[in-house]
Amino acid sequence: MSPKADLLTSSCPVPISDHKDIVLGHGSGGRLSHQLIQKLILPQFKNQWLEPLHDGAIFSIDGAKLAFSTDSFVVNPIFFPGGDIGSLAVHGTVNDLAMCGARPLYLSAAFILEEGFPLEHLHRVVQSMRKAADAAGVSLVTGDTKVVDRGKGDQIFINTSGIGVVIPGVNVNPGRAQPGDKILINGPIAMHGMAIMSVREGLAFETQIISDSAALNSLVETIISACPDVHVLRDPTRGGITSALSEIAESSRIGIQLQEAAIPLTEEVKGACEILGLDPLYVANEGKLLAIVPATDADRVLTAMRNHPLGRESTVIGEVISSHPGYVTMKTRVGGTRVVDMLSGEQLPRIC
């Protein structure tokens, strides 16, 4: 091979589903996002802390085990039933740290503002962030602000990063799911995504759909107190519960079997999904977590979750199995079985 050919081979990434440009699906949290990370980004930065593709990096400094995570928020509209881009930015990073088995401590915030964005709206967003941070028990300790020309942005984008201390003795990792484990969720799915879409589409229901956006760190501590050996925690945001579980199945090289009848779904969300032609299994959540725990601990964890304000409607939705490793299947209400894969495109752009 010539030096020129070798240079081309080493510098050109593998095609990502034949897309020559970024499409909305690359931000969906589904298959295209996964391929973008695996084929283009991860090869450039591959290291022992990044490779697990956890919700955050876990590392040790002077004997202290820390978790570090970052997230960006571009939700549209910026104010929605149950929250806004400010509270969402705090909850999102707090939750990513909690999914690492860590106690979130400190956050940073970076604002990208469009010229002409009302200061009244910015004040409202910042106040919301402060209230969310206070409620979650974290401090915002550093940040940055940039302004772009009118028409070159869309009101406000926020990035938050966070650091926390991993709870001693805890080893939460997406590669630890084992056959026999039970899969628990803390309540009805798809509420955040459909709250956003109901506003965008002007849908009205007898009961308004409210985003489930919430900080889950106190619920995680409750789970860990009941089961210090919790295997996996994941907040199923973009891409919904099936995309999150598909990633876990691939990481652990196990199979996952869901029970459709056990997956909690409100009538309002079910109706909105039917109207819009959306599958709730792929719709974003911002106040839900998936806990994968040993079967012997499942009842104890479930009881503890139901005694927490954010887990009143917790339930078991499936189990880890040894067959069809890397895949998620679901027993349907009519008794059949179907494969549920990662989201392949983009159902709901700019949902978080």
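Because the structure is predicted, anything quoted here is derived from the model rather than measured.
Annotation: side chain of V230 is not in contact with side chain of V301 (no heavy-atom distance under 4.5 Å). At least one side-chain heavy atom of D235 sits less than 4.5 Å from a side-chain heavy atom of D55. For the pair I263/M330, a side-chain contact is recorded, criterion being any heavy-atom separation below 4.5 Å from C-beta on. The shortest side-chain heavy-atom distance between V316 and L302 falls under the 4.5 Å cut-off. By the 4.5 Å heavy-atom criterion applied to side chains, V269 and P188 are not counted as neighbours. E313 has its side chain out of reach of T315: every pair of non-hydrogen atoms, C-beta onward, lies at least 4.5 Å apart. Contact annotation: the side chain of R306 never approaches that of R312 to less than 4.5 Å [non-hydrogen atoms, C-beta and beyond]. Side-chain contact between T93 and T70: absent, with no pair of heavy atoms (C-beta onward) separated by less than 4.5 Å.
One distance of note links CG of L88 with CZ of F79; it measures 12.5 Å at 0.5 Å rounding. Note that CG of D71 is 5.5 Å distant from CG of D96, once rounded to the nearest 0.5 Å. In this structure, H91 NE2 and M129 CE are separated by 10.5 Å, a value rounded to the nearest 0.5 Å. Interatomic distance, CD1 of I256 versus CD1 of I183, reported as 4.5 Å (0.5 Å rounding). Distance CG/L42 to CG/L36: 11.0 Å, rounded to 0.5 Å. Taken to the nearest 0.5 Å, the CZ atom of F157 stands 4.5 Å off from the CZ atom of R350.
In this structure, D299 places its CG atom where only 12 or fewer heavy-atom neighbours from other residues, nucleotides or ligands lie under 6.0 Å away. Heavy-atom neighbours of R200 CZ from other residues, nucleotides or ligands within 6.0 Å: above the threshold of 12. The number of heavy-atom neighbours closer than 6.0 Å to CZ of F68, taken from other residues, nucleotides and ligands shown, is above 12.
V165 and V170 are not part of a single hydrophobic cluster, where members link through side-chain heavy atoms under 4.5 Å apart. Under a hydrophobic-cluster definition in which Ile, Leu, Val, Met, Phe, Trp and Tyr are linked whenever side-chain heavy atoms come within less than 4.5 Å, directly or via other members, M197 and I85 are assigned to the same cluster. Placement of V166 and V172 in two distinct hydrophobic clusters is found when ILVMFWY residues are connected by side-chain heavy-atom separations under 4.5 Å, directly or transitively. A continuous path of Ile, Leu, Val, Met, Phe, Trp and Tyr side chains, each step under 4.5 Å between heavy atoms, connects I223 with L216, placing both in one hydrophobic cluster. I321 is not connected to V339 by any chain of hydrophobic side-chain contacts under 4.5 Å among Ile, Leu, Val, Met, Phe, Trp and Tyr, and they are in different clusters.
Each of I158, D84, I196, I156 was checked for a side chain to side chain contact (heavy atoms under 4.5 Å, CB included) with V75, and the lone residue meeting it is I196.
Summarising the geometry of R333 relative to A261, their closest heavy-atom pair is NH1-CA, 3.6 Å, with the distance given to 0.1 Å. Taking both residues in full, the closest heavy atoms of R338 and V340 are given as NH1-CG1, 3.4 Å, listed atom of the first, atom of the second, then distance. Across all non-hydrogen atoms, the minimal contact from P174 to P52 is CG-O, 3.7 Å. Smallest separation of non-hydrogen atoms from P280 and A190: O-CB, 3.8 Å. For L233 against A98, the heavy-atom pair with the smallest separation is CD1-O, 3.9 Å. Scanning all heavy atoms of the two residues, the minimum distance from P349 to L24 falls at CB-CD1, 3.9 Å.
Checking side-chain atoms of E114 against main-chain N and O of Q155 turns up a donor-acceptor pair under 3.5 Å. Using modelled atom types, no side-chain atom of S252 and backbone atom of I254 make a donor-acceptor pair closer than 3.5 Å. Using modelled atom types, no side-chain atom of H324 and backbone atom of Q257 make a donor-acceptor pair closer than 3.5 Å. Using modelled atom types, no side-chain atom of S211 and backbone atom of A195 make a donor-acceptor pair closer than 3.5 Å. Not one N or O on the side chain of H192 forms a donor-acceptor pair closer than 3.5 Å with the backbone of G82. Looking only at distances, a side-chain donor or acceptor of H26 sits under 3.5 Å from a matching main-chain atom of V23. Proximity of a side-chain donor or acceptor of N285 to a complementary backbone N or O of V283 within less than 3.5 Å is detected. A donor-acceptor pair under 3.5 Å is absent between the side-chain atoms of Y106 and the main chain of S161, judged by distance alone.
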Give the C-alpha distance, both sets of side-chain angles, the deciding distance and a yes or no for side chain to side chain contact (heavy atoms under 4.5 Å, CB included) between N217 and R103.
CA-CA 7 Å; N217 49 323; R103 292 190 178 101; over 6 Å; no

Could you walk me through whether L97 and I163 pass the side chain to side chain contact (heavy atoms under 4.5 Å, CB included) test, one step at a time?
CA-CA 7 Å; L97 292 170; I163 193 164; 5.6 Å; no

Pair E267, T207 - check side chain to side chain contact (heavy atoms under 4.5 Å, CB included), show working.
CA-CA 10 Å; E267 286 300 316; T207 302; over 6 Å; no

When you look at L184 and V293, which way does the side chain to side chain contact (heavy atoms under 4.5 Å, CB included) test go after all the steps?
CA-CA 8 Å; L184 288 67; V293 302; 4.0 Å; yes

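A salt bridge between D297 and R300 is present, with a side-chain N of the basic residue lying under 4.0 Å from a carboxylate O of the acidic one.
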Sequence neighbours excluded and cut-off under 3.5 Å, please list the side-chain donor-acceptor pairs for residues 237-251, or say none.
| residue | atom | partner | partner atom | Å |
| --- | --- | --- | --- | --- |
| R238 | NH1 | G27 | O | 2.8 |
| T242 | OG1 | L281 | O | 3.3 |
| S243 | OG | G239 | O | 2.8 |
| S243 | OG | L343 | N | 3.0 |
| S246 | OG | T242 | O | 2.8 |
| E247 | OE1 | R234 | NH1 | 2.8 |
| E250 | OE1 | H34 | NE2 | 3.2 |
| E250 | OE2 | R31 | NH1 | 3.3 |
| S251 | OG | E247 | O | 3.0 |

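If you check the side chains of S314 and N186, you find no donor sitting under 3.5 Å from an acceptor.
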